[in-house]
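Notes for the one structure printed next.
Letters go in sequence order (proteins before strands), and every chain restarts at 1.
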Amino acid sequence: MKLATWNVNSIRAREALVLAWVRRHEPDVLCLQETKVVDDDFPAEPFQRLGYTVAAAGQRTYNGVAILSRRPLRDPVVGLVGARPTEDKRLLAATVDGVRVLCAYVPNGKSTESPSFRDKLAWLGRLRETLDASCRPEADVAVVGDFNVAFDERDVWDPERFRGQLFFTDEERAALGRVLEFGLFDAYRHHHAERAFTWWDYRGAGFERDLGMRIDHVLLSASALARCRSATIDVEARRGERPSDHAPVVVELE
DNA sequence: ATGGTTGATGCTCAA
């Protein structure tokens, strides 16, 4: 199974780009974040014509997640455990070929002084509670998406500059660590030790100067990791005309 | 250098 995750920063602005990427890479499962569209307006038809089933959990303007699958997609569940209907659309789970896939868009946090920073930490805590309530760590589980948190010094372009800054505080890293303590592993790091990024700021020519961070992750349970043959970041997708500010992360499970 | 760019919306906010 080829499983990919990509924060597309508006599926409507990126429809043609995502379609071309799907044709080229033919993922079995593609998890999208920041779709920024209500479900009725999600451009599902062109993907359905390519053989994909589309499950979307979106809202107007902000947030929004989706799972596209060319294998049968079962038991879709929207939101964190105990979520209210009015909550941001940031989580969508579904089972594909026996793998429970959770597509997550973790709150950005705005700044370490912002109330939304506390919301970000709480959201990560509730993601762990959702895993505890709905999954077993012995099963094949993949928690993927934009976590807006970097793990370590190799995941930020200037660790000294960013230590204690948003995306790289001890609190965020600890909250992400508690998600992994459910029984998950960083698939990219399992295969690659060197510095790598998945997001580059549009501002200040971040991509051209390779001033990025690795904040998009594929977290796999032990049994899923044992099946993981490769993990790659498709940096090419960040080039070209009107790209998302994030690159896709792709894993292959045998 | 507290800058800069993009998207959705609507005359700004979020990222």
Side-chain angles (χ1 to χ4, degrees), chain A residues 5-21 31-44 46 56-66 79 86-92 103-124 127 144-151 155-169 171-173 175-176 197-217 233-249:
Chain A
T5 179
W6 195 4
N7 178 324
V8 290
N9 186 12
S10 169
I11 186 59
R12 286 180 292 181
R14 226 68 68 193
E15 179 182 336
L17 187 72
V18 177
L19 263 175
W21 191 88
C31 295
L32 303 176
Q33 300 88 38
E34 277 207 271
T35 53
K36 297 185 176 180
V37 67
V38 295
D39 297 349
D40 286 346
D41 292 337
F42 190 101
Q59 64 187 83
R60 194 179 102 119
T61 308
Y62 307 118
N63 313 313
V65 286
T86 53
E87 275 189 37
D88 288 352
K89 295 293 187 282
R90 293 181 177 275
L91 186 70
L92 176 61
C103 173
Y105 175 48
V106 177
N108 172 288
K110 289 191 176 74
S111 78
T112 55
E113 286 75 36
S114 164
S116 94
F117 183 73
R118 313 312 307 180
D119 294 342
K120 177 182 193 173
L121 299 176
W123 199 95
L124 284 164
L127 178 59
V144 311
D146 177 2
F147 288 79
N148 277 314
V149 182
F151 281 104
D155 301 328
V156 295
W157 64 268
D158 186 342
E160 295 316 310
R161 176 194 179 111
F162 285 105
R163 197 173 304 283
Q165 302 296 309
L166 192 69
F167 306 149
F168 201 48
T169 64
E171 287 169 292
E172 290 164 282
R173 295 160 72 192
L176 181 56
F197 308 137
T198 64
W199 169 83
W200 299 259
D201 204 319
Y202 286 126
R203 297 167 290 189
F207 183 70
E208 290 73 11
R209 300 160 65 198
D210 200 27
L211 310 183
M213 293 192 180
R214 193 173 70 92
I215 56 177
D216 300 87
H217 305 300
I233 300 167
D234 183 23
V235 177
E236 285 305 309
R238 182 61 176 79
R239 303 185 202 282
E241 292 293 306
R242 293 184 71 208
S244 168
D245 44 353
H246 295 252
V249 184

(request) Flag this pair as yes if the NZ/CZ of A:R214 is under 6.0 angstrom from the six-membered ring centre of A:F151 and inside a 45 degree cone about the axis; otherwise no. (result) no

(message) Taking the side chain as everything from C-beta on, heavy atoms only, tell me whether A:L127 gets closer than 4.5 Å to A:L91.
(response)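 Side-chain contact under 4.5 Å: yes.
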
When you compare the protein's N or O atoms with those of nucleotides 13-15 of chain B, which come within less than 3.5 Å of each other, and at what distance?
{"from": "B:dA15", "atom 1": "N6", "to": "A:R203", "atom 2": "NH1", "distance (Å)": "3.3"}

(message) Could you spell out the base pairing of DNA chain B as a dot-bracket line? Use Watson-Crick and G-U wobble contacts where both distances are under 3.5 Å, [ ] for crossing pairs, | for partners on a different strand.
(response) ....((((...))))

With rounding to whole Å, what would you report as the distance between [N] and [M] at their [atom1] atoms?
N	M	atom1	answer
B:dG7	B:dT2	C1'	23 Å
B:dA1	B:dC11	C1'	28 Å
B:dA14	B:dT9	C1'	12 Å

(request) Could you tell me which residues satisfy ring-ring contact (aromatic ring centres under 6.0 Å, His included) with A:F162, sequence neighbours excluded, listed by chain and number? (result) A:W157

(message) On DNA chain B, does the nearest nucleotide to A:I11 precede the nearest nucleotide to A:R161 from the 5' side, or the other way round? Give the residue.
(response) A:R161

(request) Would you mind checking if A:R239 and A:E236 are paired as a salt bridge, meaning a charged N to carboxylate O distance below 4.0 Å? (result)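 So A:E236 pairs with A:R239 through a salt bridge.
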
(message) For A:V8 versus A:R14, what's the shortest heavy-atom pair and its separation?
(response)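 Closest approach of A:V8 to A:R14: O-NE, 2.9 Å.
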
(message) Between A:D201 and A:L211, is the side-chain contact (heavy atoms from CB on, under 4.5 Å) condition met? List the steps.
(response) CA-CA 8 Å; A:D201 204 319; A:L211 310 183; over 6 Å; no

(request) Can you spot which of A:E172, A:E171, A:R173, A:Q165 makes a side-chain hydrogen bond (donor to acceptor under 3.5 Å, both in side chains) with A:T169? (result) A:E172

(message) To the closest 0.5 Å, what do you measure between CZ (A:R90) and SG (A:C103)?
(response) 12.0 Å

(message) Whether A:R14 contacts B:dG7 is assessed here as follows: a side-chain N or O lying under 4.0 Å from the phosphate OP1 or OP2. Is that the case?
(response) yes

Would you mind reading off the distance between [X] atom [atom1] and [N] atom [atom2], rounded to a whole angstrom?
X	N	atom1	atom2	answer
A:Q59	B:dG7	CD	C1'	15 Å
A:Q33	B:dG7	CD	P	17 Å
A:R60	B:dG7	CZ	C1'	13 Å

(message) Angle between ring planes, A:F167 versus A:W199, binned at 30° and 60°: parallel, tilted or perpendicular?
(response)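 Rings of A:F167 and A:W199: perpendicular, as their planes differ by over 60°.
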
